[in-house]
Amino acid sequence: MAPPPPPPPLIDDVIAEILLRLPPDEPEHLFRASLVCKPWLLIICDPGFRRRYREFHGAPPLLGDRHCLPPEPEEMKWLIYSAVVLCATNGCDHLDCHGGPFRVVFVATHESKDIILASVYSSETGEWSLPVCLDNTCEIYAQHIREARADGPLGRFYTPYIQPRRGAVVGDAVYFTVRYGNAIAKYDLGKDRLSMIEPPQVYVWDIAITAMEDSTSLGFACIQGSSLYTWSRKVDTEEPTEWVQYRVIELEKTIPVANPDDKLSVVGFAEGVGVIFVSSGVGLFMIKLNSGQVKKVDEPGEYFSVLPYMSFYLPETGNGGGHDATDLPHNT
């Protein structure tokens, strides 16, 4: 008996639809698919497929080309700072933005005053904006500082320090964490205004904030005991909103502990994809919020703030689309 005929080959459009659904957080699958045969490689390398892949999965964050910025305004005599780089192209879908106009939101604690300042650099004008100020008369934070300073001489160290961690961008605002009390500083780009948001948890350490996957909510994550607690809050709205507990993930059975004194710490996030990074005495772990999946990604070390580089890897260029950076002032 003759063997059955082979199944008819899939047409390119069907193959493209299948390849389009390979998950971007497992890039080895796309790479292996490109090695199957030349037709598959041509599909994956096609610019149209690359753009559809970005549209289907959402774009990873990209910075601008390397630039040397002018000194920040004289009033910004900073002690500690954080910054965020933003695309400034009107109507951009942020799928292919690279090398265009950009803005840098620079937020810092003043070197000698209990105030937080913000200034914005525009690549189009080549200048920094006049700094706006948020002082500790903000009631949320002022009350916490007053209580701390009333406790004794160490209270004098309770200054509103901007944490040198990555900020979160949601809508037309940028958010930064502040030490002591976990207050969140909000800079509104449209209104050129600094304000403060009360956190869902005050007496915890090593928190992280992130843009949630719906692009309209701010996420907050911290460790309490052996569990990862996450909250979300609608912020891209004019209506007053409250924090809502998003998820609690028990880590005791999924992250090993080297000794009983080991502490888990939230040290970073991957923006817009629901991934939190947690460090322990046995390594650095990546946690997917939607599934609770935990994966070890690095060995033990001193982790303070993890900044993951995310891009699409496609064989046409072989360099993942490139990564960029912007020079900013730094502590020495």
Side-chain angles (χ1 to χ4, degrees), residues 61 82 84 105 107 116 118 134 136-148 158 160-191 193-251 263-279 286-292 294 305-306:
S82 184
V84 166
V105 178
V107 177
I116 294 173
L134 169 68
N136 65 8
T137 57
C138 174
E139 189 52 38
I140 296 171
Y141 204 80
Q143 179 62 29
H144 184 73
I145 291 177
R146 284 195 296 267
E147 292 174 356
Y158 280 68
Y161 286 122
I162 283 289
Q163 292 203 18
R165 296 175 181 265
R166 184 181 180 188
V169 181
V170 183
D172 203 29
V174 187
Y175 300 83
F176 302 90
T177 55
V178 183
R179 284 185 65 187
Y180 305 119
N182 296 327
I184 299 170
K186 172 185 177 181
Y187 176 73
D188 190 309
L189 285 157
K191 299 177 181 178
R193 178 175 178 266
L194 264 176
S195 59
M196 204 75 96
I197 295 178
E198 189 171 4
Q201 290 289 312
V202 175
Y203 300 107
V204 293
W205 295 91
D206 300 321
I207 68 167
I209 56 174
T210 177
M212 300 296 283
E213 291 181 81
D214 64 4
S215 302
T216 64
S217 301
L218 181 67
F220 180 103
C222 68
I223 299 289
Q224 289 183 283
S226 61
S227 298
L228 173 67
Y229 286 79
T230 59
W231 288 263
S232 67
R233 176 174 176 165
K234 289 282 186 182
V235 291
D236 194 14
T237 175
E238 295 296 329
E239 301 297 325
T241 58
E242 300 293 333
W243 289 101
V244 176
Q245 191 168 93
Y246 177 71
R247 187 161 188 187
V248 178
I249 300 176
E250 177 54 52
L251 302 177
K263 291 185 178 180
L264 302 177
S265 299
V266 177
V267 292
F269 62 88
E271 188 173 30
V273 295
V275 169
I276 296 288
F277 293 91
V278 172
S279 69
M286 179 179 73
I287 302 172
K288 294 184 178 181
L289 295 181
N290 59 354
S291 65
V294 177
S305 181
V306 173

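Predicted, not measured: the structure shown is a model, and the values here were computed from it.
In this structure the side chain of Thr216 never reaches within 4.5 angstrom of the side chain of Val235, judged on heavy atoms. The closest side-chain heavy-atom distance from Thr210 to Val275 is not below 4.5 Å. Taking 4.5 Å as the limit, some side-chain heavy atom of Ile249 sits within range of a side-chain heavy atom of Leu289. Using a 4.5 Å cut-off on side-chain heavy atoms (C-beta onward), Thr177 and Asn182 make no contact. Contact check for Tyr229 versus Val204: no side-chain heavy atoms found under the 4.5 Å cut-off. A heavy-atom distance below 4.5 Å is not found between the side chains of Val278 and Val267. Inter-residue side-chain proximity for Asp172 and Asp188 is flagged as met; some heavy-atom pair is nearer than 4.5 Å. Using a 4.5 Å heavy-atom cutoff, the side chains of Val306 and Phe269 are not in contact.
Taking every heavy atom of both residues into account, Ala208 and Val266 meet most closely at CB-CG1, 3.4 Å. Closest of all the heavy-atom pairs between Ile116 and Leu194 is O-CD1, 3.7 Å. Of all heavy-atom pairs between Ala211 and Ala168, the closest is N-CB, 4.0 Å.
By the salt bridge (Lys or Arg N to Asp or Glu O under 4.0 Å) test, Lys234 is found to be paired with Asp214, residues two or more places apart in sequence or in another chain being considered.
Atom CZ of residue Arg193 and atom OH of residue Tyr187 lie 11.5 Å apart, to the nearest 0.5 angstrom. Between Tyr175 atom OH and Ser82 atom OG the span is 15.0 Å, to the nearest 0.5 Å. For the atom pair Lys186 NZ and Met196 CE, the distance stands at 13.0 Å (nearest 0.5 Å). In this structure, CZ on Arg233 lies 12.0 Å from CD1 on Ile209, to the nearest 0.5 angstrom.
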Could you please spell out the steps behind the side chain to side chain contact (heavy atoms under 4.5 Å, CB included) verdict for Val107 and Val84? CA-CA 9 Å; Val107 177; Val84 166; over 6 Å; no

Enumerate, atom names and distances included, each donor-acceptor pair closer than 3.5 Å involving a side-chain atom of residues 219-228, sequence neighbours excluded.
from	atom 1	to	atom 2	distance (Å)
Gln224	NE2	Gln201	OE1	3.3
Ser226	OG	Glu250	OE2	2.7
Ser227	OG	Glu250	OE1	2.8

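A distance-only check finds a donor-acceptor pair linking the side chain of Thr230 to the backbone of Arg247 [under 3.5 Å].
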